Amino acid sequence: MTNQTILVTGGTGFVGIHTILQLLQKGYHVNTTLRSLSKKDSILNALKEAGIDDFTALAFFEADLTSDTGWEEAVAGVDYVLHVASPFPAQDPRDENELIIPARDGALRVLKAAQKAGVKRVVLTSSFAAIGYSRNPKDHLFTEEDWTDATAAIPPYIKSKTVAEKAAWEYIETEGGNLELTVINPVGIFGPVLGGISSASLDIAVSGILNGVIRESPNFTMGVVDVRDVAAIHLTAMTHPEAGGERFIATSDGVMSFYDVAELFKKERPEWAEKIADMQPTPNEFYIEMTNHKAKTVLGWQPRSKEAALLASVDSLPRN
Ligand code: NAP
């Protein structure tokens with residue numbers, strides 16, 4: 001047991017629950033925020049499924065990204081904050097501000113509360129969305145130096161993550177004082193569903209393919225990362241001396257199209273093959289590639305393979 005307390009925002013989410021689990025397993029005290037305390041049981045059930053039976057080190061706080069209420073209490077006495085919460089819907093809202101406002105204002109609320117409480121460092125879960133959606137991907141390897149242009153006409157979720165991360169860096173630069181910020185930019189996050197807590201990416205790219213709802217491979221490739229490795233990089237980034245002020249792309253080696261995912265599932269999990277559509281491969285010119293070199297070399301992060309991440313998702317889903 002360490003004496004340190006970590007705040008994880010968005011404990012009800014796919015990344016949130018795995019992050020809480022790893023922190024508890026490492027002996028940290030954990031505060032977590034939920035929009036409603038009525039969702040507490042989903043967190044407890046997921047942690048029980050993962051073998052946790054002592055919850056004395058876990059405390060729940062009600063707080064919404066769109067309101068000031070509750071953040072001061074959640075962050076009191078906390079050493080580090082992992083700000084994971086942000087709206088991630090399966091479908092775009094009609095008004096982009098439904099995502100942008102909670103993402104941006106929520107990040108600023110968390111940073112301000114953390115600074116006031118004397119927190120050492122906030123690790124913000126951004127996304128590859130804030131990196132890879134403006135530059136032509138042809139012959140380009142995306143790195144942490146790249147930024148999506150938030151002023152361009154881009155989908156609401158991508159804009160919300162870009163605007164929120166930019167606002168967070170600006171806050172740290174202008175008003176941050178001694179507070180440090182580290183940003184994690186994950187690609188598509190897969191890996192095991194715990195206690196039924198899934199996310200939009202998994203519902204679309206794993207369940208959608210397995211159930212035959214996705215019938216064509218869109219013209220892009222995606223990076224893939226396991227949620228356990230995303231949780232692990234947050235924990236490392238929290239205390240690593242060289243992580244302050246840095247952003248890190250979190251991806252396994254290589255990229256995949258939906259066609260590649262469908263073929264992987266058919267080959268490795270033939271018991272699911274019946275409903276999986278026969279798709280056409282994605283043309284080479286649409287390959288989007290990114291590198292995990294910085295996370296590996298600076299943080300010593302060693303992610304699982306993309307295939308292991310996707311198959312772990314499949315193996316955690318109930319078969320109907
Ligand atoms: P998720 O399961 O949908 O989790 C999102 C979390 O944010 C939930 O706990 C949700 O709470 C919370 N949240 C949303 N709006 C909120 C609000 N207004 N106030 C307070 N909490 C709010 O998705 P996830 O995959 O775990 O995503 C976690 C983080 O990773 C997000 O920042 C996301 O942008 C980022 N990310 C995800 C992926 C991916 O492929 N999954 C890839 C890159 C980055 P409720 O349960 O109450 O809705």
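Nothing here was measured: the structure is a model prediction, and the numbers come from that model. Numbering of ligands and ligand atoms starts at 1, following listing order.
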Student: So L181 and Y171, do their side chains get closer than 4.5 Å, heavy atoms only?
Tutor: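 With C-beta onward as the side chain, the pair stays apart.
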
Student: Evaluate F14 for polar contact with ligand 1, using N/O atom pairs at a separation under 3.5 Å.
Tutor: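 Right, the criterion is met.
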
Student: N/O of S127 under 3.5 Å from N/O of ligand 1, yes or no?
Tutor: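 Between S127 and ligand 1, no N or O pair is found under 3.5 Å apart.
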
Student: Looking at non-hydrogen atoms alone, which of S67, P186, G70, G10 comes nearest to atom 43 (C) of ligand 1?
Tutor: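 Residue with the shortest heavy-atom distance to the ligand atom: P186.
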
Student: Nearest protein heavy-atom contact for atom 19 (N) of ligand 1: which residue, which atom, what distance?
Tutor: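 So the nearest neighbour among protein heavy atoms is L65 N, 2.9 Å.
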
Student: Which atoms of ligand 1 have any heavy atom of G188 under 4.0 Å away?
Tutor: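 Ligand 1 atoms under the 4.0 Å threshold to G188: 40 (O).
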
Student: Return the closest protein heavy atom for atom 30 (O) of ligand 1 as residue, atom name and distance.
Tutor: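 Answer for atom 30 (O) of ligand 1: T125 CG2, 3.4 Å.
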
Student: Considering only protein heavy atoms, which is closest to atom 37 (C) of ligand 1, and at what distance to one decimal place?
Tutor: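 Residue, atom and distance for the closest contact: I189 CD1, 3.6 Å.
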
Student: Hey, does S198 sit under 4.0 Å from ligand 1 if you only count heavy atoms?
Tutor: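 The answer is yes: ligand 1 sits under 4.0 Å from a heavy atom of S198.
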
Student: Give the residue and atom name of whichever protein heavy atom lies nearest to atom 5 (C) of ligand 1, and the separation in Å to one decimal.
Tutor: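 Nearest neighbour among protein heavy atoms for atom 5 (C) of ligand 1, to 0.1 Å: S86 O, 3.5 Å.
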
Student: Do K266 and W272 form a cation-pi contact, if we require the NZ or CZ to be under 6.0 Å from the six-membered ring centre and within 45 degrees of the ring's axis?
Tutor: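 Checked: cation-pi criterion not met.
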
Student: For P102, is at least one N or O under 3.5 Å away from an N or O on ligand 1?
Tutor: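 N/O-N/O distance below 3.5 Å does not exist for this pair.
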
Student: Which of the atoms of ligand 1 are close to P87, meaning less than 4.0 Å from one of its heavy atoms?
Tutor: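 Near P87, the atoms of ligand 1 are 14 (C), 15 (N).
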
Student: May I ask you to decide whether K48 forms a salt bridge with D41, counting only side-chain N to carboxylate O separations under 4.0 Å?
Tutor: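 Salt bridge absent between K48 and D41.
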
Student: Would you indicate whether the side-chain heavy atoms of L264 and L310 approach each other to under 4.5 Å?
Tutor: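 Yes, their side chains come closer than 4.5 Å.
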
Student: Considering non-hydrogen atoms of the protein only, which is the closest contact for atom 29 (C) of ligand 1, and what is the distance?
Tutor: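 The answer is V84 O, 3.1 Å.
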
Student: Quick one: name the residues clustered hydrophobically with I100, using the 4.5 Å side-chain heavy-atom rule over I, L, V, M, F, W, Y, and just say none if it's on its own.
Tutor: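 ILVMFWY cluster around I100 also holds V163.
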
Student: Does ligand 1 have an atom under 4.0 Å from some heavy atom of H83?
Tutor: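 So H83 does not count as touching ligand 1.
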
Student: Can you see whether S257 engages D260 through a side-chain donor-acceptor pair at a distance of less than 3.5 angstrom?
Tutor: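 Yes.
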
Student: Could you identify the single nearest non-hydrogen protein atom to atom 33 (C) of ligand 1 and state the distance to 0.1 Å?
Tutor: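 For atom 33 (C) of ligand 1, the nearest protein heavy atom comes out as Y157 OH, 3.4 Å.
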
Student: Taking C-beta and beyond as the side chain, do Y80 and V123 meet within less than 4.5 Å on heavy atoms?
Tutor: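 With C-beta onward as the side chain, the pair stays apart.
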
Student: Provide the number and element of each atom of ligand 1 under 4.0 Å from a heavy atom of S199.
Tutor: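 Listed by number with element: 2 (O), 23 (O), 25 (O), 41 (N).
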
Student: Among protein heavy atoms, which sits nearest to atom 18 (N) of ligand 1, and what does the distance come to when rounded to 0.1 Å?
Tutor: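 Checking every protein heavy atom, the shortest distance to atom 18 (N) of ligand 1 gives D64 OD1, 3.0 Å.
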
Student: Does the side chain to side chain donor-acceptor pair (under 3.5 Å) test come out yes or no for E165 and N185, once each step is laid out?
Tutor: CA-CA 10 Å; E165 190 192 328; N185 300 81; 2.9 Å; yes

Student: So, 4.0 Å and heavy atoms of I17: is ligand 1 close enough to count as a contact?
Tutor: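 Heavy atoms of I17 never come under 4.0 Å of ligand 1.
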
Student: What I want to find out is whether D253 reaches K306 closely enough, with some N-O distance under 4.0 Å, to be called a salt bridge.
Tutor: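 No, D253 and K306 are not salt-bridged.
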
Student: Compute the shortest N/O to N/O distance between A85 and ligand 1 and return yes if it is under 3.5 Å, no if not.
Tutor: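 No, there is no polar N/O contact under 3.5 Å.
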
Student: Classify the contact between S201 and ligand 1 as side chain, backbone, both or neither, using a heavy-atom distance cut-off of under 4.0 Å.
Tutor: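 Near ligand 1, S201 shows its side chain, while the N, CA, C and O stay back.
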
Student: Could you list the atoms of ligand 1 found under 4.0 angstrom from a heavy atom of K39?
Tutor: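 The list of qualifying atoms is 45 (P), 46 (O), 47 (O), 48 (O).
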
Student: Any nitrogen or oxygen of V15, main chain or side chain, under 3.5 Å from a nitrogen or oxygen of ligand 1?
Tutor: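 Indeed, backbone or side chain, V15 has an N or O that close.
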
Student: Look only at interatomic distance and state if T66 has a nitrogen or oxygen under 3.5 Å from any nitrogen or oxygen of ligand 1.
Tutor: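 Checking ligand 1 against T66, no N or O pair falls under 3.5 Å apart.
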
Student: Write out the residue and atom name of the closest protein heavy atom to atom 23 (O) of ligand 1, then the distance separating them to 0.1 Å.
Tutor: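 Protein heavy atom with the smallest distance to atom 23 (O) of ligand 1: F88 CD2, 3.6 Å.
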
Student: Tell me the contacting part of V187 for ligand 1: side chain, backbone, both, or neither, using a 4.0 Å heavy-atom threshold, strictly below.
Tutor: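 The answer is the backbone of V187.
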
Student: Looking at every non-hydrogen atom in both residues, tell me the closest pair between S160 and A103 and how far apart they are.
Tutor: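 Looking at all heavy atoms of both residues, the closest pair is O-CB, 3.7 Å.
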
Student: Please work out which of M222, R35, H18, R109 has its closest non-hydrogen atom nearest to atom 22 (C) of ligand 1.
Tutor: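 The option holding the nearest heavy atom is R35.
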
Student: Mind checking whether F220 and F258 have side chains closer than 4.5 Å, heavy atoms only?
Tutor: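 SC-SC contact between F220 and F258 confirmed.
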
Student: If you look only at distance, which donor and acceptor atoms sit under 3.5 Å apart when one is on a side chain in residues 150-158 and the other is two or more places apart or in another chain?
Tutor:
from, atom 1, to, atom 2, distance (Å)
T151, OG1, D149, OD1, 2.6
T151, OG1, D149, OD2, 3.3

Student: Taking the six-membered ring of W147, is NZ or CZ of R135 closer than 6.0 Å to its centre and within 45° of its axis?
Tutor: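 Output no; distance or angle outside limits.
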
Student: Just let me know how S126 lines up against ligand 1, side chain, backbone, both or neither, with a heavy-atom cut-off below 4.0 Å.
Tutor: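 Only the backbone of S126 comes within reach of ligand 1.
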
Student: Quiz question: by atom type and distance under 3.5 Å, do the side chains of T9 and H83 form a donor-acceptor pair?
Tutor: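 The criterion, which ignores hydrogens and geometry beyond distance, is satisfied for H83 and T9.
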
Student: Quick one: which of E144, E242, E246 gives a salt bridge (Lys or Arg N to Asp or Glu O under 4.0 Å) with K294?
Tutor: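 Option passing the salt bridge (Lys or Arg N to Asp or Glu O under 4.0 Å) with K294: E246.
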
